[in-house]
Amino acid sequence: MTRALIKGPVADAALPEVDMSTSLGGLALPAPILTASGCAASGRELDQFFDLTSIGAIVTKSIMLNPRSGRATPRMAETPSGMLNSIGLQGPGIDRFIEHDLAWLEERGARVIVSIAGGTVDEYGKLAARLRTVRSVAAIEVNISCPNVEDRGQVFACRAGSASDVVHAVRRHSDPRMPLFAKLSPDVTDIVEITDAVVRAGATGVSVINTVLGMVIDTDTMRPHLAGVTGGLSGPAIRPVAVRCIWQIRQAFPSLPIIGMGGVRSGKDALEFVLAGANAVSVGTAVFHDPSAPSRIQIELQRALGARGFRRFADAVGFAHRPADLPREEDPDEFDFISE
Amino acid sequence: MAVQVRGEILDVRRAGAYHVLSLTAPGISENVKPGHFLTLGIGGEESSMLLRRAFAIHRVQSRGVYGGTLDIVVGVHGKGTKWLVDRRRHDPIDIVGPLGRPFVLPKEPVSTVLVGGGYGSAPLFMLAEQMRERGCRVDVILGAATEEKLYGALELKRLASTLTITTDDGSLGQRGRVTDVLGSLMQANDTAVVYACGPMPMLQRVAEIASDHQAYSQCAVEEAMACGIGVCMTCVLPVIGEDGVTRMLRACTEGPVFRGDRVRWSDVGTIPPDTLGAPTAGGH
Ligand SMILES: Cc1cc2nc3c(=O)[nH]c(=O)nc-3n(C[C@H](O)[C@H](O)[C@H](O)COP(=O)(O)OP(=O)(O)OC[C@H]3O[C@@H](n4cnc5c(N)ncnc54)[C@H](O)[C@@H]3O)c2cc1C
Ligand SMILES: Cc1cc2nc3c(=O)[nH]c(=O)nc-3n(C[C@H](O)[C@H](O)[C@H](O)COP(=O)(O)O)c2cc1C
Ligand code: FES
């Protein structure tokens, strides 16, 4: 298999010894970098550019019960340091996904977190039940940033009640030991309140953040640029929003497993998320700029941790929350106040 | 299989309304077939333009002092293409390729027509060469709004059995559209396959004319692409499969070359109601 031929100083120089393993509430991963749902399809295409088994896990494109065409085009617009997308969850449906995509990932030996999406609470439950029979699923990410067809298209993630209903249904139909991550929308007044609701409903942890709702108007046609009118903003443009959300959730839940994402483009960006409290970091839009980004970022993160004296990735999780009077010079190993 | 390489700009030269860029692309140029495209990272590592830009691969040289090199033809459209044509010799450039499904070549030495609109002629050079090697008759039609926007007429004239030129304003060749002359050319030469690259309305007409003459058509489409490698689903269009079912297919991996009679040209930009997984009345 051909691999990325880019060999910069990043890939060549010796890597510092850092234990990169991470633990997400029962899910142990050898490394903390994941792909973000919807930005890696089911991994196969990216395997041309880096070894899928070298990163923590592949998070697959949100899958629904039935095949789905998605929305009309144009589906994307480039924006300053970001992009707007309105794909509409195009996909083959859960059965074909299991037979075709999951089977391939299993054979490839990649760790897989399956993202599911539904239009009703019942659909989420059915998806969870269907996945119960599949061995190769390491965890489920529940994409609750979907319109609820039974409630005037209100997005599940935007209200504590509906967010909790979905997670509850998924928990009830899943293997009790299956790690569940609720993927939250930043478009809420109080993300801690939503986190509290999904944790009470049985989520193992949270994934933050999904895209930020945005819009672009084409000044030539003087109409909305996207066929879907509004779309999700992603990329470095939303990074500070993601860091803030992770920070607030970590502050409220000192030991909750958090998968962070939103605009990570370099190892330093990933480090920022980890310092804010993320136990793992997903790379999304950066893949469109650089298809080998997940493996590059993982190497850069290891280097950045080593340069700051960390010998274990886990010691850096939430490190920015340490009390102000603790001098930085001390051995970071002593700050393991954020326990798993 | 596509690879990502750090190439280098060797040359940027003007050609009418376009710029021809020569790049070193070791590991890519060796595997290019006519119709393949590549994507380029724009604006450097800290660029605020995150999305790569797609270009048809115009020609390749797999050996030489620089190892593999290739050429693309760039029309300045917005800020990304502007940045690109402002590059200087030896500037680094991040290249991913070869991408997409190339043109399917005929097994028999049949009669063919190649139709290029504007910079759409770029991928037709390699195609014409390979077709001639197979003993195919190759008639070429080039069209553009003005003479300035025609690319490569002189060289294609050398490669082709005949070359017909059309311009909207009549500044060179026949006044009108490529599709005004396609039918009679096909009739005269008993054309079996038409290959086309250019704007969507042109491709639609080419596909219709080819079908009217019981010929195959192979059309290279241009859809806005975010990733170019098949992971984002932005570049889709409605295409009818072998089983008669319409699906939203990715232009970057299942295209850019499609059989003209399979694409639902009039429905591009929409989800036809009979598409697999289309929203049902009252559904999503
Ligand atoms: C398969 C393929 C082959 C192509 N081959 C060529 C070629 O040989 N020569 C050439 O000059 N151009 C070619 N194009 C079009 C070229 O990619 C666009 O002109 C270019 O992306 C515009 O970028 P920009 O920053 O200048 O424009 P902007 O309008 O600033 O771009 C904004 C965004 O829209 C996208 N976009 C805008 N116009 C197009 C378009 N026409 N097609 C696809 N994406 C677009 C850009 O990629 C970018 O993400 C090809 C496109 C595709 C999909
Ligand atoms: C094209 C595209 C498709 C996406 N599809 C999904 C999806 O299916 N499910 C999901 O939970 N998130 C989806 N996302 C959101 C990403 O997983 C991620 O949360 C968000 O883009 C922020 O991270 P980033 O800036 O690194 O991309 C999508 C994002 C993009 C750009
Ligand atoms: S451009 Fe991303 S799937 Fe085609």
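These values consider heavy atoms only, across backbone and side chains, with no hydrogens, waters or symmetry-generated copies. So that the names make sense, note that chain A is the first sequence line, chain B the second, and so on, each numbered from 1.
Side chains of B:Ser266 and B:Gln204: a donor on one and an acceptor on the other come within 3.5 Å.
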List the steps and the verdict of salt bridge (charged side-chain N to carboxylate O under 4.0 Å, His left out) for B:Arg53 and A:Glu78. CA-CA 11 Å; B:Arg53 283 7 180 207; A:Glu78 192 182 55; 2.8 Å; yes

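With a 4.5 angstrom heavy-atom cutoff, A:Pro80 touches chain B only via backbone atoms. Looking at A:Thr35, neither its backbone nor its side chain comes within 4.5 Å of chain B, counting heavy atoms on both sides. Looking at B:Thr246, neither its backbone nor its side chain comes within 4.5 Å of chain A, counting heavy atoms on both sides. For chain A, the nearby part of B:Thr275 is the side chain; its heavy atoms alone come within less than 4.5 Å. The contact between B:Val236 and chain A is made by backbone and side chain atoms together, counting heavy-atom distances below 4.5 Å. No part of A:Arg44 comes within reach of chain B, as not one of its non-hydrogen atoms sits under 4.5 angstrom from that chain.
In this structure, A:Arg96 does not pair ionically with A:Glu99, as no charged nitrogen and carboxylate oxygen lie closer than 4.0 Å. No salt bridge links B:Arg89 with B:Asp11; every basic N to acidic carboxylate O contact stays at or beyond 4.0 Å. A salt bridge links B:Arg250 and A:Glu45; the closest N-O separation between the charged side-chain nitrogens and carboxylate oxygens is under 4.0 Å. With respect to the salt-bridge test (charged N to carboxylate O, under 4.0 angstrom), the residues A:Arg130 and A:Asp95 qualify.
The candidate from A:Gly235, A:Gly284, A:Pro291, A:Gly93 with the greatest count of non-hydrogen atom pairs under 4.5 Å with chain B is A:Pro291.
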